[in-house]
Amino acid sequence: MDLVLELFKHNSMMNLRLVEACQPLSPDQLGATAVGTYGSIGATLVHIANAQIGYAARFLHTERPEPLLEDPFPGFDALAERLAQGDANLEQAAAQPARHHEVQVTGDDPPGTFRMPASLLLLQAVNHGTEHRSQIATVLTQLGIEPPEMDGWTYFFASGQMIKV
């Protein structure tokens, strides 16, 4: 088993579970936020999708598509398409044996251009998705909505890797 690839398969599954849980939300609920979170549920979902595409593009040395706008919310079809592309690209990156090369990243948080081990970019991608999914779960809970289970145990069972003895 390739642990890094499993982390990204988990990431993909939990993105899908969260999107499915958010699809029935009203526009007001999609616009809900909480102190200490990135922003509204809708904006945070789009942020996750855009970031995944960006991380994968840096790793795979591909062009990044124009980011989806966070406001107004682009709709679940556009979001699902962008997440599926990002999930697939990150799984492709995680499956590459050449995970040990360096990548160059440019951004505004922190500002500047940097070189770093590609494996650390993958670490950031996993951590970033987990952090923001958790923030959305917090907002859902504050709305009185039970968020989906998104932990490792959920992945183990859903992927058929937990076998009762």
Side-chain angles (χ1 to χ4, degrees), residues 1-23 37-38 41-68 70 74 76-110 112-141 146-165:
M1 173 187 297
D2 183 330
L3 177 60
V4 175
L5 182 56
E6 287 300 319
L7 288 169
F8 282 98
K9 288 181 177 182
H10 169 267
N11 182 72
S12 297
M13 182 185 287
M14 298 312 131
N15 283 339
L16 180 60
R17 289 176 65 86
L18 187 58
V19 167
E20 288 171 351
C22 291
Q23 283 178 322
T37 64
Y38 173 80
I41 290 172
T44 305
L45 287 168
V46 173
H47 176 71
I48 293 168
N50 285 333
Q52 288 196 159
I53 290 288
Y55 294 134
R58 288 179 186 109
F59 188 95
L60 299 170
H61 306 290
T62 60
E63 288 294 316
R64 295 167 67 176
E66 279 297 313
L68 293 175
E70 294 177 7
F76 281 100
D77 289 342
L79 176 69
E81 182 179 314
R82 182 61 55 99
L83 274 173
Q85 181 183 5
D87 288 339
N89 291 357
L90 284 173
E91 286 183 32
Q92 177 188 350
Q96 290 190 3
R99 290 192 299 244
H100 307 288
H101 67 281
E102 285 191 338
V103 294
Q104 181 172 301
V105 296
T106 301
D108 55 4
D109 185 20
T113 300
F114 306 89
R115 275 183 312 143
M116 65 188 291
S119 58
L120 294 182
L121 183 66
L122 294 177
L123 171 65
Q124 170 59 19
V126 167
N127 185 62
H128 181 267
T130 301
E131 177 181 7
H132 288 303
R133 285 190 301 270
S134 177
Q135 291 175 358
I136 293 170
T138 297
V139 178
L140 289 172
T141 301
E146 180 83 20
E149 293 290 332
M150 296 182 284
D151 62 3
W153 298 111
T154 300
Y155 173 73
F156 307 150
F157 281 106
S159 64
Q161 296 185 67
M162 285 290 279
I163 302 164
K164 189 168 177 95
V165 291

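The basis for the numbers below is simple: all heavy atoms, side chains too, and nothing from hydrogens, waters or symmetry mates. FYI, the numbering just counts along the sequence from 1.
We find the CD1-CG distance between I53 and N89 to be 5.5 Å, quoted to the nearest 0.5 Å. Note that CZ of F59 and CD of Q96 are 5.0 Å apart. Values are rounded to the nearest 0.5 Å. Atoms CG and CE, on L16 and M13 in that order, are 8.5 Å from each other to the nearest 0.5 Å. The NZ atom of K9 sits 8.5 Å away from atom CG of D2, with the distance rounded to the nearest 0.5 Å. Of the inter-residue distances, the one linking F76 atom CZ with E20 atom CD reads 11.0 Å to the nearest 0.5 angstrom. Atom CD of Q23 sits about 10.5 Å away from atom CG of L18, to the nearest 0.5 Å.
The heavy-atom pair separating V105 from L121 by the smallest distance is CG1-CD1, 4.1 Å. Closest approach of I136 and C22 over heavy atoms only: CG2-SG, 4.1 Å. Between N11 and G129 the shortest heavy-atom distance is OD1-CA, 4.2 Å.
Remark: the backbone N or O of A137 is paired with a side-chain donor or acceptor of T141 at under 3.5 angstrom. A donor-acceptor pair under 3.5 Å is absent between the side-chain atoms of E149 and the main chain of T154, judged by distance alone.
E146 is not listed as a side-chain neighbour of L140, based on a closest heavy-atom distance of 4.5 Å or more.
Applying the side-chain hydrogen bond (donor to acceptor under 3.5 Å, both in side chains) criterion to R58, with sequence neighbours excluded, gives no partner residue. With sequence neighbours left out, the side-chain hydrogen bond (donor to acceptor under 3.5 Å, both in side chains) criterion links N50 to R82. For the side-chain contact (heavy atoms from CB on, under 4.5 Å) test, residues two or more places apart in sequence or in another chain that qualify with S12 are D87, E91. In terms of the ring-ring contact (aromatic ring centres under 6.0 Å, His included) criterion, F8 has no residue partners (sequence neighbours excluded). The side-chain hydrogen bond (donor to acceptor under 3.5 Å, both in side chains) check on E131 picks up nothing, with sequence neighbours excluded. Take H10 and apply the side-chain contact (heavy atoms from CB on, under 4.5 Å) test, not counting sequence neighbours, and it matches M14, R133, Y155. With sequence neighbours excluded, the residues satisfying side-chain contact (heavy atoms from CB on, under 4.5 Å) with M162 are W153, F156, F157. Among residues two or more places apart in sequence or in another chain, the side-chain hydrogen bond (donor to acceptor under 3.5 Å, both in side chains) test is passed with S159 by Q161. Taking L123 as the reference, L120 meet the side-chain contact (heavy atoms from CB on, under 4.5 Å) condition, with sequence neighbours excluded.
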Please list every donor-acceptor pair under 3.5 Å in which a side-chain atom of residues 60-68 meets a protein atom from a residue at least two apart or in another chain.
none

Check against side chain to side chain contact (heavy atoms under 4.5 Å, CB included), T37 and V139: CA-CA 8 Å; T37 64; V139 178; 4.1 Å; yes

Run the side chain to side chain contact (heavy atoms under 4.5 Å, CB included) check on I48 and Y38 step by step: do they pass? CA-CA 10 Å; I48 293 168; Y38 173 80; over 6 Å; no

Would H47 and H128 satisfy side chain to side chain contact (heavy atoms under 4.5 Å, CB included), going step by step from the backbone distance to the final call? CA-CA 10 Å; H47 176 71; H128 181 267; 2.9 Å; yes

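Environment of CG in D151: crowded, with over 12 heavy atoms of neighbouring residues, nucleotides or ligands closer than 6.0 Å.
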